[in-house]
Amino acid sequence: MAQQSAGFVHEHIEKVVVGLCGIAAIGAIYFAFLGGRFASNDGKAPGELIGEIEQNTQNAQSAVLNARPPQLEEEPPGGPAVAELLKWYGADRKPITEILNIPNSVPRMQPFGPVLISTTELSADQKHDLARLVQPDVPVIMAGRTKFEMDAAKPPIENYYDGFEPIEPIEVETNWVAVAAQVNLKKQEINFRVASYPQDAFLAIVKVHLQRFDIAAPWLGWQDCDTYLPFKEFERPPLTKVNALRDLVDLKQEAIARTKLPKRISGDRIDDFYEIMPFLKAPPPKDRDDLKKLVRDWSSLAEKAFEGKRPFADRYAEAAMILARAVVTSGLADGRDLRESEDILGKAGRKLERDIRGYQLDSSAEPDKMMPIAAYDLNAVPGHTYKYRIRYEIINHYAGNAGELRNPNDASQLTLFSDWSPASREVRVEAEMQFFLTAANPRGGQARVAIWEKNRSGFSKNEVEIEVGDKIGDTGAQCIDLIFNEDINGRQDTVMVYIANDGSLRQSLLSVDREIDRAFKK
C-alpha cells in the first residue's frame with residue numbers, strides 16, 4: 001500500500017512537546033528563585049528585597065560615617081545635654097538606626113530572633129575544673145597599742161584612694177594585731193595553666209580574711225575576725241554584675257589586698273610592720289639597682305629578726321626565714337649578704353615548727369613572685385594570747401560562664417576561697433591597763449573585776465565590784481550585761497558583756513579570765 005503523506009501533528013508534535021517543557025521549566029525557575037513561595041508578606045520578591053537591603057545598608061553606613069556629635073553647651077546636671085549623651089551611651093540606649101532615624105522598610109523575614117549560642121562552649125573532653133588556689137605562705141605578725149585618727153564615717157570603696165583624708169576624723173586608742181603572708185604567684189600561674197585558664201587570668205582579690213585562736217579558750221576553736229578596712233565593705237553583687245565587680249576590684253586591688261592602718265597619732269609605731277616582709281610597703285621597683293638595695297635591706301632585717309633586735313621584740317624565726325629566703329632566691333645578692341642569708345635560712349629553718357619547715361626550702365619563692373596580703377584585728381582583748389591564720393577570697397574567673405567547666409555548678413560561685421595559711425606564732429596583746437572578770441555573785445547581781453595597771457615597777461592590781469551599767473574602774477569600759485549560769489562548753493559560766501574604751505562591744509568569760517588573772521600574777 002502506498003504510504004500516505006504525514007499531517008502537521010505527526011510532523012511537529014515533538015517540537016510542541018519540547019516547547020511546552022521549556023515554558024514549564026522557565027515557570028518553575030521563576031517560581032523557585034524570583035517570586036512565588038519566597039515572597040514576603042507584602043508580596044515583594046527576593047530580588048526586590050535584596051535591592052532594598054543593599055540600599056538600607058548603604059544608607060545606614062553613610063549615616064553612621066557622616067554622623068556628627070551634637071554641639072553641646074555647658075548646662076547644669078540633668079539638662080538636655082546629659083539626656084542627649086544618655087540617648088547614645090546610657091543603659092536605655094536604642095539601636096543606632098533608631099537614633100539616626102534610619103527607616104527600616106525591610107519586612108521581617110522570620111518570626112523569632114536567632115538562637116543564642118555560647119561562644120565558649122567546648123566539647124566534653126576539652127572542659128576543665130576550676131584552678132586550685134595557692135595556700136598563703138607562713139604568716140608574720142606584729143601587735144601594739146596606738147592612738148589612731150579614724151574615720152567616723154567610712155567612704156564607699158569607689159571613693160577611697162591611698163592617702164584619703166578621713167571623713168569627720170576622730171581619735172581612737174586601741175590594740176591592733178597586724179598579720180601578713182605571701183602568695184606564690186609562680187605556683188598559681190602553673191595551677192592556671194594546668195586548668196587551661198587563659199593567659200590573662202590573675203588573682204582578683206575581693207577580701208583578705210583573718211581568724212584567731214584564743215590560747216586561753218581552745219574550746220572556742222578558730223574564730224572569724226572583723227578585720228579593719230578603711231572603706232565600707234561592699235556587698236557581693238549577683239552573677240550578672242560580675243564584670244562590674246571585676247573592674248572595681250582591679251582598680252582598688254592595692255587597698256583591698258594590702259590596705260594600711262589609719263594615721264598614727266601616738267603610741268606604738270606601725271611602720272615597722274610594713275618593713276618585715278618584702279614588698280608589703282611598696283611594689284617591686286623596676287630599676288635593678290633599687291631592687292639590689294632592697295635585697296641588702298632584707299639581709300640586714302633577716303639578721304635582726306633572728307637575733308631579736310629592733311624592729312623585732314624577740315627572736316622571730318618565721319620572719320628571719322622569709323627575709324633570708326628572699327635574699328637567696330632574688331639572684332641579686334653576693335658576697336657577705338648571700339653567705340649570711342644562707343646561714344640564717346638554715347638556722348631559722350631548724351627553729352620553725354615541724355609542719356612549716358617545708359616553706360624554708362621553697363626555691364620557687366622568688367621575691368618578685370611572692371605577693372603579700374595583709375589584714376588587721378582591732379578587737380583583740382588585752383591580756384589574751386592568740387594565734388592567727390589568713391586566707392584570701394577572689395572573683396571566680398568563670399563566674400556565670402559554665403561553658404568551659406566540667407561541673408556547671410562551679411560557675412554559680414561568684415567568689416572562691418583559698419585554704420587557710422599555717423598558724424602564726426603566738427602573740428600576747430598588751431595594754432597599759434587591762435582587766436579580768438574574777439568572781440560572780442548571781443544572787444546579788446554583781447561581779448568582781450581585777451584591774452591591772454602598768455607602773456614603773458611592773459603592774460599593780462586593784463579589784464572592783466560592779467553591776468550592770470557600772471563603769472569598770474578607770475579603764476574607760478562599761479558593763480552593759482551580766483549573764484549568770486550560762487551553759488558554756490558543757491559547764492556553768494558567767495558572761496560579762498561590756499563596751500570597750502574604743503566603742504567596740506566585747507564579752508568576758510569568768511572561767512577564761514580567772515585563769516589569765518592567775519597567770520598574770522606570776
Taking the six-membered ring for Trp, are Tyr161 and Phe164 parallel (under 30°), tilted (30 to 60°) or perpendicular (over 60°)? perpendicular
Give the intermediate values and the outcome of salt bridge (charged side-chain N to carboxylate O under 4.0 Å, His left out) for residues Asp343 and Arg339. CA-CA 6 Å; Asp343 183 52; Arg339 291 193 302 271; over 6 Å; no
Euclidean distance, Glu393 CD relative to Ile205 CD1, rounded to 0.5 Å: 10.0 Å
Should the pair Arg391-Asp419 be classified as a salt bridge under the 4.0 Å nitrogen-to-oxygen rule? no
Pair Lys232 + Glu158: basic N to acidic O under 4.0 Å: no
Closer than 4.0 angstrom, basic N to acidic O: yes or no for Glu189 and Lys186? no
Hey, what's the ring geometry for His384 with Phe436, parallel, tilted or perpendicular (30° and 60° as the breaks)? tilted
Between Arg425 and Asp314, does the salt bridge (charged side-chain N to carboxylate O under 4.0 Å, His left out) criterion hold? Intermediate values first, please. CA-CA 12 Å; Arg425 72 168 183 173; Asp314 52 17; 3.0 Å; yes
Show, in sequence, the C-alpha distance, side-chain angles and deciding distance for Leu133 and Ile394, and conclude whether the side chain to side chain contact (heavy atoms under 4.5 Å, CB included) test is met. CA-CA 9 Å; Leu133 298 183; Ile394 68 163; 3.6 Å; yes
Salt bridge present between Glu233 and Lys207 (N-O < 4.0 angstrom): yes
Which is it for Trp298 and Phe279 under the ring-ring contact (aromatic ring centres under 6.0 Å, His included) test, yes or no, and what are the steps along the way? CA-CA 11 Å; Trp298 299 339; Phe279 305 131; 5.3 Å; yes
Does the ring centre of Trp452 sit less than 6.0 Å away from the ring centre of Phe520? yes
Report yes if the distance between the aromatic ring centroids of Phe202 and Tyr197 is under 6.0 Å, otherwise no. no
Find out whether Pro285 and Leu294 are in side-chain contact, i.e. whether some heavy atom of one side chain is under 4.5 Å from a heavy atom of the other. yes
Is it true that His209 and Phe417 have ring centroids separated by less than 6.0 Å? yes
Is it true that atom NZ of Lys369 has more than 12 heavy atoms of other residues, nucleotides or ligands lying nearer than 6.0 Å? no
Could you check whether any side-chain heavy atom of Val206 comes within less than 4.5 Å of a side-chain heavy atom of Arg236, counting everything from C-beta outward? yes
Report the residue from Val172, Leu261, Asp226, Asp502 that forms a side chain to side chain contact (heavy atoms under 4.5 Å, CB included) with Leu378. Leu261
Is it possible for you to check whether Lys252 lies under 6.0 Å from the centre of the six-membered ring of Tyr160, through NZ or CZ, and within 45° of that ring's axis? no
Gap between atom CD of Gln182 and atom CD1 of Ile373 - 0.5 Å precision: 10.0 Å
Do Asp162 and Arg258 meet the salt-bridge criterion of a basic N to acidic O distance under 4.0 Å? no
Provide the closest heavy-atom pair for Asn159 versus Pro155 in the form atom of the first, atom of the second, distance. CB-CB, 4.4 Å
Test side-chain hydrogen bond (donor to acceptor under 3.5 Å, both in side chains) on Asn184 and Ser364 and set out the steps. CA-CA 8 Å; Asn184 192 322; Ser364 69; 3.0 Å; yes
Does one side chain, of Gln211 or Asp224, offer a donor that lies under 3.5 Å from an acceptor on the other? yes
Kindly indicate, with the supporting measurements, whether the criterion side chain to side chain contact (heavy atoms under 4.5 Å, CB included) is fulfilled by Val134 and Tyr392. CA-CA 10 Å; Val134 173; Tyr392 56 95; 4.1 Å; yes
Could you tell me whether Arg132 atom CZ has more than 12 heavy atoms of other residues or ligands within 6.0 Å of it? no
Enter the distance from Asp272:CG to Phe312:CZ here, rounded to the nearest 0.5 Å. 8.5 Å
Could you go through Ile488 and Trp219, starting from their C-alpha distance and side-chain angles, then the distance that decides it, and tell me whether this counts as side chain to side chain contact (heavy atoms under 4.5 Å, CB included)? CA-CA 10 Å; Ile488 304 290; Trp219 41 270; 3.3 Å; yes
Are Arg315 and Phe306 in a cation-pi contact, defined as NZ or CZ under 6.0 Å from the six-membered ring centre and within 45° of the axis? yes
Decide salt bridge (charged side-chain N to carboxylate O under 4.0 Å, His left out) for Arg406 and Asp129; before the verdict, give the C-alpha distance in whole Å, the side-chain angles of both, and the deciding distance to 0.1 Å. CA-CA 6 Å; Arg406 288 194 184 95; Asp129 298 315; 3.3 Å; yes
Which atom names give the shortest non-hydrogen contact between Leu239 and Gly400, and what distance separates them? CD2-N, 4.0 Å
Between Asp290 and Lys293 (salt bridge meaning N to carboxylate O under 4.0 Å), is one present in this structure? no
Geometric cation-pi criterion, Arg264 with Phe148: 6.0 Å, 45°: no
For the pair Gln507 (side chain) and Val495 (backbone), establish whether a donor and an acceptor sit closer than 3.5 Å, ignoring hydrogens and angles. no
Whether Arg145 and Glu173 form a salt bridge (side-chain N of Lys/Arg under 4.0 Å from carboxylate O of Asp/Glu) is what I want to check. yes
Can you list the steps and then say if Lys281 with Glu275 is a salt bridge (charged side-chain N to carboxylate O under 4.0 Å, His left out)? CA-CA 7 Å; Lys281 185 176 183 179; Glu275 302 288 349; 3.1 Å; yes
Can you find a side-chain donor-acceptor pair between Thr146 and Asp268 that sits under 3.5 Å? no
Check for me whether the distance between the ring centres of Tyr388 and Phe213 falls short of 6.0 Å. no
Would you please test Lys351 and Met321 for side chain to side chain contact (heavy atoms under 4.5 Å, CB included) and show each step? CA-CA 10 Å; Lys351 298 290 185 182; Met321 180 271 289; over 6 Å; no
Under 3.5 Å, is there a donor-acceptor pair between the side chain of Asp214 and the main chain of Ala216? yes
Once you round to the nearest 0.5 Å, how far does CD1 of Ile390 lie from CH2 of Trp420? 8.5 Å
Decide whether a cation-pi geometry holds between Arg389 and Trp222; the criteria are a distance under 6.0 Å from NZ or CZ to the six-membered ring centre and an angle within 45° of the ring axis. yes
